[in-house]
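It should be emphasised that the depicted structure is a prediction, and the values quoted were computed from it without experimental measurement. In what follows, chains carry the letters A, B, and so on, assigned in the order in which the sequence lines appear, proteins first and then strands, with residues in each chain numbered from 1.
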2 protein chains.
Amino acid sequence: MKGFLSFIMLWLISKKAMTGTDIALEIKKRKGTKPSPGTIYPALKYLRNKGLIKVNQKKTYTLTRAGKKELESQLNFFFGTFCDLDEMKACCKSLKQQNKRYI
Amino acid sequence: MKGFLSFIMLWLISKKAMTGTDIALEIKKRKGTKPSPGTIYPALKYLRNKGLIKVNQKKTYTLTRAGKKELESQLNFFFGTFCDLDEMKACCKSLKQQNKRYI
DNA sequence: CTATTTTTATTGGATAACCGATAACTATAT
DNA sequence: ATATAGTTATCGGTTATCCAATAAAAATAG
């Protein structure tokens, strides 16, 4: 299960201005694995080149207006693709019960 | 925004037994783009080789028990990574308003 | 002000994801 | 039985994703 990295990064940055390390740590908290610098910084550079984020003297990244528009579009795409989130959540719980019985 | 394909496929198959074409059409409905046969069938083969899905005479795919466990684990991962879905949804709406003003 | 550590960033390369083109198989019709 | 249409599947190659290793820059300590 790969991808979605730049989407998550845009989302995190939109919530709060963050440094590269901040982002890596927040992703670790969510996914369990901390992305390496070789993952984070090229992604930040890519987003910067596309004009979606900007960085200040403190190495803190924030969204540009274009970044906000891009995030909006990606959020729409996300909720379109996962249009049955409630069902997914319910399934998640019921599967947990089912699988328990067969261990 | 790539990836997540096999996750979506497991999820769709778990809801209803499906053929390759069924899956492609459902993904088209959600994402807008219909994945090509060269995307769908290798992915199905991969999942079959891993013992996560099985296929019957009618070319209809269903989850195996291992597939259900795998789906559970991926659902947990998904909701762990996107632990703030409500916030994302709210942001999606408010961004739509903000961006409108600047067109 | 130098040395050390920490953070930020780049590079090269390995792997995975994906598609276009094409082939094989199935089903239906003639 | 043969042709046609549609579905299922494979293959080769392109691009994207991601990491390990390394370098550069910044912060902190001595």
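In this entry the distance linking CG of B:Leu44 with C1' of D:dT8 reads 10 Å, nearest Å. Here D:dA9 presents its P atom at 11 Å from CE of B:Met9, a figure rounded to the nearest Å. Remark: C1' of D:dA21 and CD1 of A:Ile40 are 17 Å apart, rounded to the nearest angstrom. The nearest whole Å value for the distance from the NZ atom in B:Lys45 to the C1' atom in D:dC11 is 10 Å. Per the geometry, NZ belonging to B:Lys58 stands 15 Å off P belonging to D:dT7, to the nearest Å. As rounded to whole Å, 14 Å separates atom P of C:dT6 from atom CG of A:Leu25. Straight-line distance from the NZ atom of B:Lys28 to the P atom of C:dC19: 12 Å, rounded to whole Å. Between the CZ atom of A:Phe4 and the P atom of D:dA16 there is a distance of 16 Å, rounded to whole Å.
Within the 4.0 angstrom heavy-atom criterion, no nucleotide atom of any strand lies near B:Tyr46.
For A:Lys59, the side-chain atoms get nearest to C:dT8 when compared with the rest of C:dT10, C:dC19, C:dT8. If you check D:dT8, C:dT10, D:dA9 against the side chain of A:Pro42, the one that comes closest is C:dT10. Ranking C:dA21, D:dC19, C:dC19 by closeness to the B:Pro37 side chain, first place goes to C:dA21.
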Dump the intermediate steps for ring pair (Phe, Tyr, Trp, His ring centres under 6.0 Å) on A:Phe78 and B:Phe82, then the final yes or no.
-> CA-CA 11 Å; A:Phe78 178 87; B:Phe82 300 106; 4.8 Å; yes
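With the nearest nucleotide of DNA chain D identified for both A:Ser36 and B:Thr39, B:Thr39 has the one nearer the 5' end.
The closest side-chain donor-acceptor pair between B:Tyr46 and B:Lys50 falls under 3.5 angstrom. Looking at B:Ser73 and B:Asn76, their side chains never bring a donor and an acceptor atom within 3.5 Å of each other.
Between A:Tyr41 and C:dT10 there is no side-chain polar atom (N or O) within less than 4.0 angstrom of OP1 or OP2. Under 4.0 angstrom from either OP1 or OP2 of D:dC19 there lies no side-chain N or O belonging to A:Lys34.
Test A:Lys29, A:Lys16, A:Lys15 against B:Asp84 for salt bridge (charged side-chain N to carboxylate O under 4.0 Å, His left out) and you get one pass: A:Lys15.
Using a 4.0 Å cut-off between a side-chain N of Lys or Arg and a carboxylate O of Asp or Glu, A:Glu72 and A:Lys68 do not qualify as a salt bridge.
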